[in-house]
There are 2 protein chains.
Amino acid sequence: MLPSSTVENYLKALYQAQVALENDKALVPMGQLASAVGVAPGTATTMIKALAKSGLVEYEPYLGVRLSTAGTALAAMVLRRHRLIEQFLVEIMGMSWTEVHEDAEKLEHVVSDRLIERMDAMLGHPSVDPHGDPIPTPDGDMAPHRYHSLLTCPLHTQVKVTRVADQDATFLRFLEAQRLKPGQALEVEARDSAADSVQLLTEGQRRITIGTKAASKVLIEVA
Amino acid sequence: MLPSSTVENYLKALYQAQVALENDKALVPMGQLASAVGVAPGTATTMIKALAKSGLVEYEPYLGVRLSTAGTALAAMVLRRHRLIEQFLVEIMGMSWTEVHEDAEKLEHVVSDRLIERMDAMLGHPSVDPHGDPIPTPDGDMAPHRYHSLLTCPLHTQVKVTRVADQDATFLRFLEAQRLKPGQALEVEARDSAADSVQLLTEGQRRITIGTKAASKVLIEVA
DNA sequence: AGTTCCATTTTGAGAAATCAAAATATAGGG
DNA sequence: CCCTATATTTTGATTTCTCAAAATGGAACT
Ligand SMILES: [Mn+2]
Ligand SMILES: [Mn+2]
Ligand SMILES: [Mn+2]
Ligand SMILES: [Mn+2]
């Protein structure tokens, strides 16, 4: 039985929640899963019970759910497809990194292995997508990077944007306009917890201030 | 309401059946539609009654069904996507014309307008796909070509393969091996109705014999 | 007109995915 | 230990799509 798009979406959401939880054995609460997938809580419960029966997840009533080995492998392939497609759309098709997510969200469920490996080859086997998200390898491994964000990195130090943890097109366009897309260099000048803000000095000596919520979504590495 | 993949498949099958019938007002029998879509006859009846209610087809019980103006426009867009995708997979992705149909069959339901128009531009607005099938324009027009086949064309005359009316990968690979893919030149040497066969002289002076059923699926134009 | 054949429609049922709202469990605070 | 807030599960229903098999319509042939 090959998984439906719906099943693939549940597995992918679970995979991403588990990566965020950082703990391999941790359970993802049903409410969080439901809102990640965009369904009512009861819908998620029903679906997860079915996935547990087919061995893709381990379900502990009232506690939460985690991927099985089989489920993890499947989810990694969905994520691999999603991110390779995004990279393809930007690099080969010339689309903007701010708008490829929605297309990839659909295409990830229908591209054949043949086609996805063709894309991978054309792109030279990239390790990250246009948002800096790591691309799982064909055997499902994914580099478990440990990032700083503009909220946690040292002040007055040259850093480089390497990843953006939000797919919202409006937010991505904002970052692009402010010279904050992956690859660009900058320094954090100051943080003001009362004002809930972070002051930056971007490439080209432009000084800007953004909120801490936004700052936490811009992941960086020290140069 | 945007149409589901299922609805798109029914409309596309109907469109292609009507093009084959050559008559704009003709009705496609339910049995033929059902087998084109690959469902049981009763399933097609149920679906068509729903499509009639939403105005996409005109249904005459016991006689058959035809596309409405709205249905025709929608079907033409599905076919446009299918054929542009096939051309893209061959020209840009370097895949074989013998294997792109299955991928296109899935992708045609999920590619965005943005993406399909990007493909169209990259390909230089092609008028036919890798099998010689005409690509409807963005406003739904499709050149209504009148073809000869290897079964109906004059003998001892230089002709050129322009279109293949079958998507079966095995058949397409056969044509490729025999130098009978679109663009290649040849002559029909003789036809033998008793033997149910057609004798050809292909490019490079190779002499081969094929059955009439196969010959009728190779469409040509006189050079 | 009667019979037979084939295509089509109807019927009854089921799988997959969903929701709203009611019921229940768990965890914390008093 | 009770009560309450919150998360989760259960229930009952709906939508979309499908099938097998029974019923029916239409055409054609004696
Ligand atoms: Mn994405
Ligand atoms: Mn991404
Ligand atoms: Mn095709
Ligand atoms: Mn084609």
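Each chain gets a letter, A, B and so on, in the order the sequences are listed, and its residues count up from 1. Please read all numbers here as calculations on a predicted model, not as lab measurements.
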Between C1' on D/dC17 and CG on B/Leu51, what's the gap in Å once rounded to a whole number?
12 Å
When you get a sec, tell me which of C/dA17, C/dT8, D/dT9 is the closest nucleotide to the side chain of A/Met47?
C/dA17
Would you kindly give the OH-to-P distance between A/Tyr62 and C/dA23, to the nearest whole Å?
14 Å
Can you tell me which nucleotide in C/dT8, D/dT9, D/dC17 comes closest to the side chain of B/Val7?
D/dC17
Roughly how many Å is it from CG in B/Leu63 to P in D/dT24, rounded to a whole number?
20 Å
Return whichever of B/Glu60 or A/Pro41 has its heavy-atom-nearest nucleotide of DNA chain C closer to the 5' end.
B/Glu60
Options C/dT18, C/dT9, D/dT9, nucleotide nearest the side-chain atoms of A/Tyr10:
C/dT18
Sugar-phosphate, base or nothing in reach of B/Gly42, heavy atoms under 4.0 Å
base
Roughly, in whole Å, what's the span from CD in B/Gln32 to P in C/dT9?
14 Å
Where do B/Glu86 and B/His131 land on the side-chain hydrogen bond (donor to acceptor under 3.5 Å, both in side chains) test, with the steps shown first?
CA-CA 9 Å; B/Glu86 286 187 343; B/His131 312 102; 3.0 Å; yes
Carboxylate-amine/guanidinium contact B/Arg81 B/Glu8, below 4.0 Å
yes
When we call it a touch if two heavy atoms are under 4.0 Å apart, what does B/Thr6 touch: a base, just sugar-phosphate, or nothing?
sugar-phosphate
Name the closest nucleotide to the A/Val39 side chain, picking from D/dC19, D/dG25, C/dT18.
C/dT18
Closest to the B/Thr43 side chain, choosing from C/dT9, D/dT18, C/dT10:
D/dT18
B/Met30 has an atom CE; how far is it from atom P of D/dT24, in whole Å?
19 Å
Under 6.0 Å from the six-membered ring centre of B/Phe171 and within 45° of its axis: does the NZ or CZ of B/Lys217 meet both?
yes
Expressed as a whole number of angstroms, how long is the span from A/Lys53:NZ to C/dA15:C1'?
14 Å
C/dT9 OP1/OP2 closer than 4.0 Å to side-chain N/O of B/Lys49
no
Counting only heavy atoms not in B/Asn23, do more than 12 sit closer than 6.0 Å to its CG atom?
yes
Just compare C/dC19, D/dT8, C/dT8 and give me whichever is closest to any side-chain atom of B/Thr45.
C/dT8
Between D/dT15 atom P and B/Met1 atom CE, what is the distance in whole Å?
11 Å
Does a side-chain heavy-atom distance below 4.5 Å link B/Val128 with B/Arg163?
no
Does OP1 or OP2 of D/dC17 have a side-chain N or O of B/Ser4 closer than 4.0 Å?
yes
Can you tell me how far C1' of D/dC17 sits from NE2 of B/His109, to the nearest Å?
14 Å
